[in-house]
Protein chains: 2
Amino acid sequence: MDDDDSGSLDRLAARLLVQGSRFSRSMSRHTGEQRSLVAMRVLSNLLQDGPLRIGELAARELIAQPAMTTTVNRLEAEGLVFRGSDAEDARASVVTLTEAGSAVLMSFRARAAAIARPGLVQLADSDIAVLERAADLLEQLVRSISSR
Amino acid sequence: MDDDDSGSLDRLAARLLVQGSRFSRSMSRHTGEQRSLVAMRVLSNLLQDGPLRIGELAARELIAQPAMTTTVNRLEAEGLVFRGSDAEDARASVVTLTEAGSAVLMSFRARAAAIARPGLVQLADSDIAVLERAADLLEQLVRSISSR
DNA sequence: GTTGATATATACTCACGCTATGGATGATGA
DNA sequence: TCATCATCCATAGCGTGAGTATATATCAAC
């Protein structure tokens, strides 16, 4: 049983990785969004949690700090975020979402939703519940992975 | 009710996209795998379905054909796949998994599993079942999205 | 057998990740 | 106080991987 269990858990992990990445690729591709998924997740972070430092954003999105600097540069050039200085630490620069940035994020979400909706509405309520719970669990798994 | 439902479906779609992409990013990052997730998915496709054409692989992974040519070039240079000619169509080139490619894929899956396992073993059986079902549903959603 | 469609490869550009490193600021302790 | 070390971010340089446009070979249809 133990062997069986760990075997099936391993297969589950591999499947989640493959299907999760394919799903995000598919969705972002079909939205026609030019910006990267990391850029969208940055906007999402800022909307949810307010202004954040470059380093904090990099840590959350699991990319190196210079890559986040580049991403923020691009977002700033487009007027979707702006940099401010941190009152508590002059080294840090704090990234804040603009109205335009919020609008871009909302538009992206709406397009993603429009693409997924036809597939989602065909699902039974129980399957919708499964996906809701799965989103929670994935978030939890990411935290559990990062904290080691 | 209708408004509520479509609103919550839309939020679900956005969350699945964000969490799904973050999860795959996290996993692939922590495996230390140098190759791209697309490369891994190509190997996975070949293992599951046998030899496939370049164009078919590109379509499945939602990347343009030249990008898939490049990916296959790299995999071939590493000896993980080889190109053959299609008996039925001399224009096509058929990509086949090698033993080495299969081994690389298995190793990747094992590493991914090792990373996810500590998080997974803490979950209740019902949550494991949720994730299993969610992987199915995501696969189904991708197909439903692509077919339009 | 000529024409048009299709499968792949090549050329070129850009986005985006990484490491290494530098400059500015914060924190620590003699 | 000031010297030292750590930390935060930016810059530089590099490689991968995605895109479009286009060339080449082959198939299909008339």
Side-chain angles (χ1 to χ4, degrees), chain A residues 21-22 24-43 46 51-78 80-96 104 108, chain B residues 21-22 24-43 46 51-78 80-96 104 108:
Chain A
S21 61
R22 212 180 329 238
S24 5
R25 165 76 188 171
S26 169
M27 291 283 282
S28 91
R29 170 100 168 149
H30 284 279
T31 57
E33 177 58 56
Q34 299 290 314
R35 303 169 189 89
S36 69
L37 275 176
V38 168
M40 292 300 110
R41 292 200 302 264
V42 166
L43 298 182
L46 295 176
L52 293 170
R53 292 183 178 189
I54 297 275
E56 172 65 20
L57 286 169
R60 287 187 184 209
E61 296 310 328
L62 291 165
I63 64 180
Q65 168 264 312
M68 185 53 75
T69 291
T70 305
T71 295
V72 170
N73 282 346
R74 223 183 323 267
L75 291 173
E76 190 176 27
E78 291 185 272
L80 308 188
V81 304
F82 66 89
R83 278 181 169 82
S85 43
D86 188 331
E88 299 175 356
D89 190 339
R91 293 169 303 180
S93 91
V94 176
V95 183
T96 305
V104 162
F108 174 69
Chain B
S21 61
R22 208 173 342 230
S24 358
R25 167 76 189 170
S26 170
M27 291 281 284
S28 91
R29 170 101 169 149
H30 284 279
T31 58
E33 177 59 55
Q34 300 290 314
R35 303 171 189 88
S36 70
L37 275 176
V38 167
M40 291 300 110
R41 292 200 302 264
V42 165
L43 297 182
L46 296 176
L52 293 170
R53 292 182 177 190
I54 296 275
E56 172 65 21
L57 287 169
R60 288 186 183 208
E61 295 311 325
L62 290 164
I63 65 180
Q65 168 265 313
M68 185 53 73
T69 291
T70 305
T71 295
V72 170
N73 282 345
R74 222 181 325 266
L75 290 174
E76 189 175 28
E78 290 186 272
L80 308 189
V81 304
F82 66 88
R83 279 182 168 83
S85 43
D86 188 332
E88 297 177 356
D89 189 339
R91 293 169 302 177
S93 89
V94 177
V95 182
T96 304
V104 163
F108 174 70

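Predicted model only: the values in this text are computed from it and were never measured.
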Round to a whole Å and report the spacing from CG of B:Leu62 to P of D:dG19. 9 Å
Could you tell me the separation between the CG atom of A:Asn73 and the C1' atom of C:dG17, rounded to a whole number of Å? 15 Å
Measure the distance from CG on A:Leu75 to C1' on C:dC16 and round it to the nearest whole Å. 13 Å
Is the distance from OP1 or OP2 of D:dG17 to the nearest side-chain N or O of B:Arg35 less than 4.0 Å? no
Rounding to a whole Å, what distance do you find between B:Leu37:CG and D:dA18:P? 10 Å
So, does A:Ser36 get its side chain near the phosphate of C:dC16, meaning an N or O under 4.0 Å from OP1 or OP2? yes
Validation row: A:Leu62, B:Arg22 side chains within 4.5 angstrom (heavy atoms): no
I need the CD-C1' distance between B:Glu33 and C:dC18, as an integer number of Å. 15 Å
Quick one: does B:Arg41's side chain get under 4.5 Å of A:Arg25's, heavy atoms only? yes
Under-4.0 Å side-chain N/O to phosphate OP1/OP2 contact, B:Thr70 with C:dA11: no
I need the CZ-P distance between B:Arg25 and C:dG17, as an integer number of Å. 6 Å
How long is the straight-line distance from CZ of B:Phe108 back to CG of B:Leu37, given to the nearest 0.5 Å? 5.5 Å
Would you find a donor on one side and an acceptor on the other, under 3.5 Å apart, between the side chain of B:Glu33 and the backbone of B:Arg35? yes
Measure the distance from CZ on B:Arg53 to P on D:dC27 and round it to the nearest whole Å. 10 Å
Could you give me the CA-CA distance, side-chain angles and deciding distance for A:Val95 and A:Leu57, then say whether side chain to side chain contact (heavy atoms under 4.5 Å, CB included) is met? CA-CA 9 Å; A:Val95 183; A:Leu57 286 169; 4.1 Å; yes
Does D:dG17 have OP1 or OP2 under 4.0 Å away from a side-chain N or O of B:Arg74? yes
Here the distance between atom P of C:dT6 and atom CD of B:Glu56, to the nearest Å, is 16 Å
Which value, rounded to the nearest 0.5 Å, describes the distance between B:Met68 atom CE and B:Glu56 atom CD? 10.0 Å
A side-chain contact here means heavy atoms from C-beta on lying under 4.5 Å apart; do A:Arg74 and A:Leu80 qualify? no
Any A:Thr69 side-chain nitrogen or oxygen under 4.0 Å from OP1 or OP2 of D:dC9: no
Quick one, give me the B/S/- string for nucleotides 19-26 of chain C, reading 5' to 3', where B means a protein heavy atom under 4.0 Å from the base and S means that only happens at the primed atoms, P, OP1 or OP2. BB---BBS
